Amino acid sequence: MVASPLGRLAGLLPLIGLIVAWQAAVMAQIYPPVLLPAPHKVANAFALYGGDILHNTLASLSRVAIGIGLAFVVGVPMGLLIGRFAWLDRLCDWSIQTFRSVPPISLIPMAMLFFGIGDTPAIVLIFLAGLWPLLLNTIFGVRTIERTLLKVAAAAGASEALILRDIVWPAALPSIFTGLRLAVGGGWLTVVTAEMIAVKSGLGYMILNAQMTFRPELIFAGIVVIGAIGLLADFSVQRLRRFACSWQEGLMVQGR
Amino acid sequence: MSAAFIECLDVGKVYDGRTGSVEALRGVSLACAEGEFVCLLGLSGCGKSTLLQMIGGLEAPSSGQIVVAGRELSGPSPATAIVFQDHGLFPWMTVAQNVAFNMKARGVGAKERRARVAEMLALTGLSGFATRYPHELSGGMRQRVGIARALTTKPRALLMDEPFGALDAQTRARLQHELLEIWAAQRTTVLFVTHSIDEAVFLADRILVFTPRPGQLAAEVTVDLPRPRTPRSPGFAALAARLRGLLGTEEGSE
Ligand SMILES: Nc1ncnc2c1ncn2[C@@H]1O[C@H](COP(=O)(O)OP(=O)(O)OP(=O)(O)O)[C@@H](O)[C@H]1O
Ligand SMILES: [Mg+2]
């Protein structure tokens, strides 16, 4: 069952409900305006601080793009190889399980010691936030390849390079996209946190700065942007997956 | 016929699994001449697939030896090609890409690949479907793609593992006819696994009957009925009944 475009918009209803409740809370004056600015004030903040918001958004976005890009370039080939070769899996499994349990946020102090304040520590942390989901999902994807397909390749005398490129990689691609989705989400969480501590630009920095300069509407504006971009990023990854794995359509229960 | 093209000498296979070891095959000796159509007939679990995979070089025998095209096997032989029961098509490749895969694996150039793919698609009646994905095809068409792919490298022997097992009766009958035509035209050896007595009698020059626990070659039956055969051909029913007896199933196995 594929929902109609109009039906998809139903997903906006809870968000609209939230804004209504927010407006109601403001009118009931549950919190003073310095804590809870009215929705229109926040909307106004986009006009007031538009340039600032844009600049910081781009800073955050580019860090995530670089960090996740690096995580993809490292994690996916590693995952393909680890998934394909059992001895490599035995070699790496314990290390992966150990390091992936460390939340990237907890590495902020160390990242600052090593890389100071700026882009580098943030990108390193985003890289780590994205690496594990990409790596683990890639490995998982390789493991789920139908045995018959590998037999076809073996019977044909296919080289290992051909097997990796024409079989292992496409077979793992849907799972890699699952990893990418998680990585982008994790990277986006990490960038905001890292920017509150280790960087002097970006949405996280902007929000913290707004707090210290008593501009609650800018805090809220920042939160809105973070949420909106999170939604959009997820949307884009899904789109990309549908495009790259179009062969999967009709194999899946639901065409979404 | 000269020396056997495929030869198994006292071949046994034991699988070591987590639940202990399984003796899948014991003491199988057989010979298959070039150009012959041989069916391996047996009930489920008697090691037919195991034997075919060993002849295809995908599994090593635990004992005995297998000789294909005059060489003892130590891996897949370029002289054979396998058609799998669950077709083994790559879902992310189009029909044409799937058919081209075995040639790509052998390093055949793109131009030659294209020409040969077109030729094989025509032979298997798939010409209009080159750009389709496997999930857009019917089960019968998928098997044709598998057969087309196996034929691209001009194998001297085609190893087929219950290729028509999952098809409805009509589609199955049509593909059996087409397979015989292809076999007659290409003069390849065919080793064909089935658990259907009628299919074996319809197709084979010779039927090797397997019995289970452990898988063993129980009997060898030459089919000298003229082709084309039908279940109403004289001698067909008698032979089928004899095979039923050999398999030890009075009710048959359809
Ligand atoms: N990879 C494996 N590991 C362990 N045991 C196996 C393996 N493959 C097959 N076997 C066992 O070997 C025996 C023969 O299996 P095989 O698949 O060759 O039978 P088959 O005659 O092809 O049966 P079917 O008609 O159901 O396909 C079975 O008991 C099976 O459980
Ligand atoms: Mg089998």
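This structure is a prediction, so every number in the text was calculated from the model and none was measured. Each chain gets a letter, A, B and so on, in the order its sequence line appears, and its residues count up from 1.
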A.B. asks: Below 4.5 Å from any heavy atom of chain A, which atoms of B:Q53 appear? Answer side chain, backbone, both or neither.
C.D. replies: side chain
A.B. asks: Which pair of non-hydrogen atoms, one from A:L162 and one from B:A105, has the smallest distance, and what is that distance?
C.D. replies: CD2-CA, 3.6 Å
A.B. asks: Do other residues, nucleotides or ligands put more than 12 heavy atoms under 6.0 Å from the CD atom of A:E160?
C.D. replies: yes
A.B. asks: Please name the pair of heavy atoms, one in B:W92 and one in A:A171, separated by the smallest distance, quoted to 0.1 Å.
C.D. replies: CH2-CB, 3.4 Å
A.B. asks: Out of B:K104, B:H87, B:Q85, return the one with the most heavy atom pairs under 4.5 angstrom to chain A.
C.D. replies: B:K104
A.B. asks: Answer yes or no: are there more than 12 heavy-atom neighbours, outside B:R187 itself, under 6.0 Å from its atom CZ?
C.D. replies: yes
A.B. asks: Compare every heavy atom of A:A156 with every heavy atom of B:N102, then report the nearest pair and how far apart it is.
C.D. replies: OD1-CB, 3.4 Å
A.B. asks: For B:M103, is it the side chain, the backbone, both or neither that has a heavy atom under 4.5 Å from a heavy atom of chain A?
C.D. replies: neither
A.B. asks: Should we count CZ of A:F99 as having more than 12 external heavy atoms under 6.0 Å?
C.D. replies: no
A.B. asks: Any heavy-atom pair between the side chains of B:D86 and A:E146 that's under 4.5 Å?
C.D. replies: yes
A.B. asks: Do any of residues 147-167 of chain B come closer than 4.5 Å to chain A, heavy atom to heavy atom, and if so which ones, in number order?
C.D. replies: B:R149
A.B. asks: Applying side-chain contact (heavy atoms from CB on, under 4.5 Å), run through B:F101 and A:I167 and close with a yes or a no.
C.D. replies: CA-CA 10 Å; B:F101 182 80; A:I167 301 177; 3.7 Å; yes
A.B. asks: Go through the structure and list residues passing side-chain hydrogen bond (donor to acceptor under 3.5 Å, both in side chains) with B:R113, not counting sequence neighbours.
C.D. replies: none
A.B. asks: So, for A:A155 and B:I82, which heavy atoms are closest and what is the spacing to 0.1 Å?
C.D. replies: CB-CD1, 4.0 Å
A.B. asks: Using every non-hydrogen atom in the two residues, find where B:P91 and A:L149 come nearest and quote the distance to one decimal.
C.D. replies: CD-CD1, 4.1 Å
A.B. asks: Say whether, by atom type as modelled, one donor and one acceptor occur between the side chain of B:H135 and the main chain of A:Q248 under 3.5 angstrom.
C.D. replies: no
A.B. asks: Which atoms of A:I163 are under 4.5 Å from chain B, going by heavy atoms: the side chain, the backbone, both sets, or neither?
C.D. replies: neither
A.B. asks: Test side-chain contact (heavy atoms from CB on, under 4.5 Å) on A:V152 and B:F90; report intermediate values, then the result.
C.D. replies: CA-CA 9 Å; A:V152 169; B:F90 302 108; 3.9 Å; yes
A.B. asks: Please indicate whether A:F85 has more than 12 foreign heavy atoms, meaning atoms of other residues, nucleotides or ligands, lying under 6.0 Å from its CZ.
C.D. replies: yes
A.B. asks: Pick whichever of A:S159, A:P170, A:C245 has the most heavy-atom pairs under 4.5 Å with chain B.
C.D. replies: A:P170
A.B. asks: Should B:M93 and A:D166 be marked as a side-chain contact (heavy atoms from CB on, under 4.5 Å) after you check the CA-CA gap, both sets of side-chain angles, and the distance that decides it?
C.D. replies: CA-CA 9 Å; B:M93 294 186 196; A:D166 277 20; 4.1 Å; yes
